[in-house]
Amino acid sequence: AIGAGGFEMPMTPEQLDGQNAEHAKEFAGVDKATVLDLARTNGAAAATALRAMSDAQLGESAEVFGQPMTAAQVTENILIGHALGHLESFKAATGQS
């Protein structure tokens with residue numbers, strides 16, 4: 001959405017935390033196979049969308065939680081960085097070391 005221009009942050013950090021807490025409750029009993037399937041499917045869709053973006057689109061910026069960020073920075077810091085921050089719990093959940 002940032003790459004297309006006109007992005008406006010749809011929620012506050014507190015609203016996102018609340019949404020994440022509700023999501024965690026709703027899906028607490030989901031099995032490992034389902035989680036891995038969703039991660040693969042959503043990861044592939046994200047990669048396809050990113051590959052389709054031009055350099056100009058990746059350079060577009062918007063305010064994200066009060067900070068100006070380009071689409072490339074959102075990709076690096078949130079899409080990739082956030083997942084890497086959870087890597088240890090991903091490994092534990094999948095039985096990997």
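Side-chain contact check for Gln67 versus Val64: every heavy-atom pair is 4.5 Å or farther apart. Side-chain contact check for Thr75 versus Ile80: some heavy-atom pair is nearer than 4.5 Å.
Both Phe65 and Met69 are assigned to one and the same hydrophobic cluster, defined by single-linkage of ILVMFWY side chains at heavy-atom distances under 4.5 Å. Ile2 and Leu50 are members of different hydrophobic clusters when ILVMFWY side chains are connected at heavy-atom separations under 4.5 Å.
For Asp31, the CG atom is densely surrounded, since the number of other residues' heavy atoms within 6.0 Å is greater than 12.
Remark: Phe27 pairs with His23 by the ring pair (Phe, Tyr, Trp, His ring centres under 6.0 Å) rule, at least two apart or across chains.
Heavy atoms only, all atoms of each residue included: Ala71 and Gln57 are closest at CB-O, 3.5 Å. Considering every non-hydrogen atom in both Glu63 and Phe7, the closest pair reads O-CE2, 4.0 Å.
To the nearest 0.5 angstrom, Asp17 atom CG is 12.0 Å from Glu22 atom CD. One finds the OG1 atom of Thr34 at 7.0 Å from the CG atom of Leu38 (value rounded to the nearest 0.5 Å).
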